*Asks:* 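One structure coming up, written as structure tokens, with questions to follow.
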Amino acid sequence: MIKLKGNAGWDDPVFKSRKGEHLTKTQVRRIVKAAAMRSPIEPGVAAKVSPRSHSH
């Protein structure tokens, strides 16, 4: 992991926004929701997907 870190600082974002900053909770929720809606799972289930549902 240390090799992959390179010159990044401990507080640098792993996934960056378009502006190069940390992703906000809203941005993460929007990305996860869009990915769920594109997936082959049922639309009713996809609509209930959230970042929190994937953390368990």
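Only heavy atoms go into these numbers, but all of them, side chains included; no hydrogens, no water, no symmetry mates. Numbers here simply count residues along the sequence, with the first being 1. Every value quoted in this text rests on a predicted model; they were computed, and no experiment measured them.
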*Asks:* Tell me, please, which residues at least two apart from Thr24 pass side-chain hydrogen bond (donor to acceptor under 3.5 Å, both in side chains).
*Replies:*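 Applying side-chain hydrogen bond (donor to acceptor under 3.5 Å, both in side chains) to Thr24 gives Gln27.
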
*Asks:* Nearest 0.5 Å please: distance from the CD1 atom of Ile31 over to the CG atom of Leu23.
*Replies:*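 Ile31 atom CD1 to Leu23 atom CG measures 5.0 Å (nearest 0.5 Å).
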
*Asks:* Between His22 (side chain) and Val14 (backbone), is there a donor-acceptor pair under 3.5 Å?
*Replies:*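 Side chain of His22 to backbone of Val14, a donor-acceptor pair under 3.5 Å: no, none is there.
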
*Asks:* Looking only at heavy atoms, which two atoms of Pro13 and Gly20 are closest? And how far apart?
*Replies:*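 Closest approach of Pro13 to Gly20, heavy atoms only: CG-O, 4.2 Å.
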
